[in-house]
S.K.: 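After the structure tokens below, expect a handful of questions from me.
The figures that follow rest on heavy atoms only: side chains count, while hydrogens, waters and symmetry mates do not. Within every chain, numbering begins at 1; the chains are lettered A, B, ... in the order of the sequence lines, protein sequences first and strands thereafter.
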Amino acid sequence: MVTKALEEIRRGTAEIIDMERIEALVRKYYEDGTTYTVKAGFDPTGADLHLGHTVLLQKLRVFQNHGARVQLLIGDFTATIGDPTGKSETRKVLDKETIMVNAKTYQDQVFNVLDPSKTDVVFNSEWLDVLGAGGLVGLATLFNVARMLERDDFEKRYKGGQSISIAEFLYPLLQGYDSVELKSDIEIGGTDQKFNLLMGRHLQRAYHVGKEQAVLMMPILEGLDGVHKMSKSLGNYIGIAEDPKDIYAKTLSVSDELMWRYYELLSAKSLQEIMQMKENVEKGILHPKAVKEGLALELTERFYNTDAAQEAKEAFDNVFKANLIPEDIQEVAVENNIWICKALVDAGIEPSTSQARRDIKQGAVRINQEKISDDQLALSSGEYVLQVGKRKFAKVKVD
RNA sequence: GGUGAGUUACUCAAGCGGCCAACGAGGGCAGACUGUAAAUCUGCUGACUAUGUCUUCGAAGGUUCGAAUCCUUCACUCACCA
């Protein structure tokens, strides 16, 4: 049992520091039921969770299945600073109100994956608000600038002559201090968080907490573009609260290469199964498209249910395989004799009449499936289905 | 505090008095090819019923027939010195 648990814990991880400790904690749980704590911090900067977050959440869930209480830390205080990780420039500071709203939506979504009965939601403003200047200075004495500058992103910015605010220096310290307050046994995060995670260990030692947290890092999930990390600000994400159809369609649009990565980090399928599929695809027995459909179905199903996933698949196939028009497109009423470009803008599928003209010229616009080339066209009364490119549709009703 | 360099579209980055709605690259959108994949090729990429007009090159003023380009002030960024 313990061996199996550890195997599950190890799956897909990028790096584990102090695996012995994790092993001991799990073993103890299976011996006498003693639980332990796993901390994971979330910065409530963007309101919606996406698949990138679920990589961590799923790992937390695995821990919960093996005796862990999860300390879900909402970094409401630290969000006012902004995590400098991976940023090449000073981050914008959020106001408290937005942060609280975001934090609330986070919690609503998190329990799609986590077991609420084994989760403690904590806010770090609870102790950081009262830390005070004295406490902060005390904390700051425990680390020095040279080591802080060792951090990759700081170093780059420093050498590249870009600004680093003092507040950003404080960020890792404060995140580490959270681990002191929470007395976490284990903390998990993305590989980009390594520095911050290790800070937790460092500070737990400095404050004599009596233990040093083990650290487990998950790889960063690439976004839809396959290059940058999945993030809301880059717009290359699949949100878990998105419409089933969107989850399905977006998953299907990732490249074949990236698909394997998603399988490894997101699928519940065993690694052996995945390897088998990969082999079959290479041999030409299995079509990559079919494999990708499987992934899209699995993901859609996870956040909704089997029926919704099937429905999403059917809707997708109708539109793109059979070239049918989607059923649930929005309908807009417009005045008679409307200029086609204006109609496209009103229907919300073109941003401007200028853009509409260009697209018409390029043959990207269709009315009732028919390609048009006249950008001076006026619509007389009736109902039309307008289409721009492959995926933007609107129905307009002309009086 | 002093000295110097800089701030151009989504990002990077040219332009240094008219030929500038602004080179180039990336990104994005669209077309061809496909599996709405990737790769590749091509076109487009400020707005406006448009061979024209309007608004854009950190902000505000000024010089000029004419300014992204010159001058003044302000804001911000960076470097070196203190």
S.K.: With a 4.0 Å cut-off on heavy atoms, is A/A290 in touch with a base, just the backbone sugar-phosphate, or nothing at all?
M.R.: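 Nothing, no heavy atom under 4.0 Å.
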
S.K.: Above 12 or not: heavy atoms from other molecules or residues under 6.0 Å from NZ of A/K183?
M.R.: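 Check fails, neighbour count at 12 or below.
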
S.K.: If we call it a pair only when both distances are under 3.5 Å in a Watson-Crick or G-U wobble match, what pairs with B/U63?
M.R.: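 Checking every strand shown, B/U63 finds no partner, since no pair has both distances under 3.5 Å.
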
S.K.: Expressed in angstrom and rounded to an integer, what is the separation of A/Q376 atom CD from B/C48 atom P?
M.R.: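 After rounding, the reported distance stands at 14 Å.
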
S.K.: If the C1' atom of B/G18 is compared with that of B/G28, how far apart are they to the nearest Å?
M.R.: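 To the nearest whole Å, 33 Å.
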
S.K.: Checking base pairs now: Watson-Crick or wobble, both atom distances under 3.5 Å. What partners B/A50?
M.R.: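 Across all strands, not a single nucleotide pairs with B/A50.
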
S.K.: Does B/U7 have a Watson-Crick or wobble partner in any strand here, with both distances under 3.5 angstrom, and which is it?
M.R.: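 Here B/U7 is engaged in a pair, and the nucleotide opposite it is B/A75.
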
S.K.: Could you check how far CG of A/D225 sits from P of B/G26, rounded to whole Å?
M.R.: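 Result: 15 Å.
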
S.K.: Please measure how far the C1' atom in B/C41 lies from the corresponding atom in B/U51, and state the result in whole Å.
M.R.: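 The same atom, C1', in both gives a distance of 30 Å.
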
S.K.: With respect to the phosphate group of B/A47, does any side-chain polar atom (N or O) of A/R358 fall under 4.0 Å of OP1 or OP2?
M.R.: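 For B/A47, OP1 or OP2 has a side-chain N or O of A/R358 closer than 4.0 Å.
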
S.K.: Base, sugar-phosphate or nothing for A/V319? Non-hydrogen atoms, less than 4.0 Å.
M.R.: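 Nothing, no heavy atom under 4.0 Å.
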
S.K.: Nearest whole angstrom, please: distance from the C1' of B/C48 to the CD of A/E350.
M.R.: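 Nearest whole value for this atom pair: 15 Å.
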
S.K.: If I take atom CZ from residue A/R201 and atom CG from residue A/L197, how far apart are they, to the nearest 0.5 angstrom?
M.R.: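 So the gap between those two atoms works out to 11.0 Å.
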
S.K.: Between the main-chain N or O of A/A268 and the side-chain N or O of A/E298, is there a donor-acceptor pair closer than 3.5 Å?
M.R.: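 Indeed, once roles are kept as given, a pair shorter than 3.5 Å links the two residues.
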
S.K.: Report the nucleotide, chosen from B/C29, B/U34, B/U49, that has the shortest atom-to-atom distance to any side-chain atom of A/R357.
M.R.: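 Closest nucleotide to the A/R357 side chain: B/U49.
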
S.K.: Between A/G389 and A/K292, who's closer to the 5' end of RNA chain B by nearest nucleotide?
M.R.: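 On the 5' side of the pair lies A/G389.
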
S.K.: Count the heavy atoms of every other residue, nucleotide or ligand shown that sit under 6.0 Å from CD of A/Q376, and state whether that count exceeds 12.
M.R.: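 For A/Q376, atom CD is crowded (more than 12 foreign heavy atoms under 6.0 Å).
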
S.K.: Rounded off to whole Å, could you give me the CG-to-P distance for the A/D359 and B/G43 pair?
M.R.: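 About 16 Å, once rounded to whole Å.
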
S.K.: Whom does B/C80 pair with, Watson-Crick or G-U wobble, provided both distances fall under 3.5 Å?
M.R.: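 Paired with B/C80, as far as the under-3.5 Å criterion goes, is B/G2.
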
S.K.: A/W339 side chain: which of B/A50, B/C29, B/G35 is closest?
M.R.: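 Of the options given, the side chain of A/W339 lies nearest B/A50.
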
S.K.: For B/A38, give the paired nucleotide (Watson-Crick: N1-N3 plus N6-O4 or O6-N4; G-U: N1-O2 and O6-N3; both under 3.5 Å), or none.
M.R.: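 Base-paired to nothing in any strand shown.
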
S.K.: Under a 3.5 Å cut-off for both contacts, is B/C29 paired Watson-Crick or G-U wobble with anything, and if yes, with which nucleotide?
M.R.: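 Answer to the pairing question: B/G43, which forms a Watson-Crick or G-U pair with B/C29.
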
S.K.: Using purine N1 to pyrimidine N3 plus N6-O4 or O6-N4 for Watson-Crick, or N1-O2 and O6-N3 for G-U wobble, both under 3.5 Å, which nucleotide pairs with B/G17?
M.R.: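 When the pairing criteria are applied, nothing turns out to pair with B/G17, so the answer is none.
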
S.K.: Among B/G35, B/G31, B/C48, which is the nearest nucleotide to the side chain of A/T353?
M.R.: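 Closest nucleotide among those given: B/C48.
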
S.K.: We want to know whether A/T37 and A/D185 form a side-chain donor-acceptor pair, criterion being a heavy-atom distance below 3.5 angstrom.
M.R.: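 Short answer, yes.
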
S.K.: Check whether the side chain of A/Q362 and the base of B/G31 form a donor-acceptor pair under 3.5 Å.
M.R.: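 Donor-acceptor pair under 3.5 Å: no.
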
S.K.: When you get a sec, tell me which of B/C48, B/A38, B/A30 is the closest nucleotide to the side chain of A/S255?
M.R.: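 The nucleotide sitting nearest to the side chain is B/A38.
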
S.K.: So, do A/F143 and A/H202 have ring centers that fall under 6.0 Å from each other?
M.R.: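 Yes.
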
S.K.: Please tell me which of A/I340 and A/F320 maps to the more 5' nucleotide of RNA chain B, matching each residue to the nucleotide holding its nearest heavy atom.
M.R.: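 The residue whose closest nucleotide sits nearer the 5' end is A/F320.
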
S.K.: B/U42 and B/C78: how far apart are their P atoms, nearest whole angstrom?
M.R.: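 These two P atoms come out 41 Å apart once rounded.
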
S.K.: In terms of side-chain heavy atoms, does A/D76 have a donor or acceptor partner in A/S125 at a distance below 3.5 Å?
M.R.: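 Yes, side-chain donor-acceptor contact under 3.5 Å.
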
S.K.: Reckon A/S253 has a side-chain N or O less than 4.0 Å from the OP1 or OP2 of B/A37?
M.R.: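 Checking B/A37 against A/S253, no side-chain N or O comes under 4.0 Å of OP1 or OP2.
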
S.K.: OP1 or OP2 of B/A50 sitting under 4.0 Å from any side-chain N/O of A/S354?
M.R.: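 It does not, given that no N or O in the side chain of A/S354 lies less than 4.0 Å from OP1 or OP2 of B/A50.
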
S.K.: Considering only atom P, compute the distance from B/C20 to B/C71 and round it to an integer number of Å.
M.R.: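 It works out to 23 Å between them.
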
S.K.: In whole angstroms, how far is the P atom of B/U34 from the NZ atom of A/K390?
M.R.: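 After rounding, the reported distance stands at 12 Å.
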
S.K.: Distance between the C1' atoms of B/A22 and B/A47, in whole angstroms?
M.R.: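 It works out to 16 Å between them.
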
S.K.: Could you tell me how far apart A/L224 (CG) and B/G27 (C1') are, to the nearest whole angstrom?
M.R.: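 Between C1' of B/G27 and CG of A/L224: 15 Å.
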
S.K.: Could you measure between the two C1' atoms, the one in B/C80 and the one in B/A30, and give it in whole Å?
M.R.: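 50 Å, rounded to whole Å.
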
S.K.: Okay, side chain of A/S267, backbone of A/E264: is any donor-acceptor separation there less than 3.5 Å?
M.R.: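 Not a single qualifying donor-acceptor pair exists.
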
S.K.: Would you measure the distance from the P atom in B/C44 across to the matching atom in B/A50 and give it in whole Å?
M.R.: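 Result for the P pair: 23 Å, nearest Å.
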
S.K.: For the P atoms, the ones on B/G17 and on B/A67, what distance do you get once it is rounded to whole angstrom?
M.R.: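 These two P atoms come out 14 Å apart once rounded.
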
S.K.: Nearest whole Å is fine: how far is B/A50 P from A/Q355 CD?
M.R.: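 Distance check: A/Q355 CD to B/A50 P gives 19 Å.
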
S.K.: Send over the distance from A/D375 CG to B/C48 P, rounded to a whole Å.
M.R.: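 These atoms are roughly 13 Å apart.
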
